[in-house]
S.K.: 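Let me give you the structure first, and then I'll get to my questions.
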Amino acid sequence: MKTLEDIENLSLEELEQQAARTAPPAPEGLQKRLRMALAADGALRDADARKRRPRWVPYASLAAAAAAATLVLTLPQRGLRDTFDDPYLAYAEVEKAFQTISDKMSTGVELAREAGQSAELPQYVLNKIQK
């Protein structure tokens, strides 16, 4: 056994040579087990990625379609009227409305994402118990 001073005085090449000479052999079948573990990890990640697809997208599409249908049905009866004389002011109001919608949707999407994660936990636990 070498002392700490002897080891510190060795160059990197000498340390690598010493390590190669004294390295224990790898266990039998290690490479096969590593490949299987990596394949299993990849399969689990793929399964998790499929589970994490947002489930709220179809509902949001349906809500948008319902809102559009409501507008189509109600607007022709009232008729359209121009409420702004200045087109720049009208454009600014439209941008403001879209920003408000975007902010509200972001909050709702975040809540749905958090609820989805906690809703999937019981199913995960049940699946683990059944295996």
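Please read all numbers here as calculations on a predicted model, not as lab measurements.
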S.K.: Let's go through Arg35 and Lys32 carefully: what are the C-alpha distance in whole Å and the side-chain angles of both, what is the deciding distance for side chain to side chain contact (heavy atoms under 4.5 Å, CB included) to 0.1 Å, and is it a yes or a no?
M.R.: CA-CA 5 Å; Arg35 285 184 180 159; Lys32 182 179 178 183; 5.8 Å; no

S.K.: Checking Asn9 against Glu5 for the side chain to side chain donor-acceptor pair (under 3.5 Å) test, could you report, in this order, the C-alpha distance in whole Å, the side-chain angles of both residues, the deciding distance, and whether it holds?
M.R.: CA-CA 6 Å; Asn9 291 332; Glu5 291 84 24; over 6 Å; no

S.K.: Got a second to check how far Gln18's CD is from Asp6's CG, nearest 0.5 Å?
M.R.: 10.0 Å

S.K.: Return the CZ to CD distance between Arg33 and Glu28, rounded to the nearest 0.5 Å.
M.R.: 9.5 Å

S.K.: Taking side chain to side chain donor-acceptor pair (under 3.5 Å) as the test, write out the residues that go with Gln123, two or more places apart.
M.R.: Asn127

S.K.: More than 12 foreign heavy atoms under 6.0 Å from CZ of Phe84: is that the case here?
M.R.: yes

S.K.: Taking Ala37's backbone N and O only, do any of them form a donor-acceptor pair with Asp41's side chain (distance below 3.5 Å, no angle check)?
M.R.: no

S.K.: Please check if atom CD in Glu114 has more than 12 non-hydrogen atoms from other residues, nucleotides or ligands closer than 6.0 Å.
M.R.: yes

S.K.: I'd like to know if the side chain of Ser102 reaches the main chain of Phe98, judged simply by a donor and an acceptor atom lying under 3.5 Å from each other, with no hydrogens or angles considered.
M.R.: no

S.K.: Flag yes if Ile101 and Val109 sit in one hydrophobic cluster, no otherwise; membership is Ile, Leu, Val, Met, Phe, Trp, Tyr, and two members link when side-chain heavy atoms are under 4.5 Å apart.
M.R.: no

S.K.: Working to the nearest 0.5 Å, report the span between CD of Gln17 and CG of Leu10.
M.R.: 10.0 Å

S.K.: Take a 6.0 Å sphere around CD of Glu110 and say whether it holds more than 12 heavy atoms from other residues, nucleotides or ligands.
M.R.: yes

S.K.: Determine whether a donor-acceptor pair (N or O, by modelled atom type, separation under 3.5 Å) exists between the side chain of Glu14 and the backbone of Ser11.
M.R.: yes

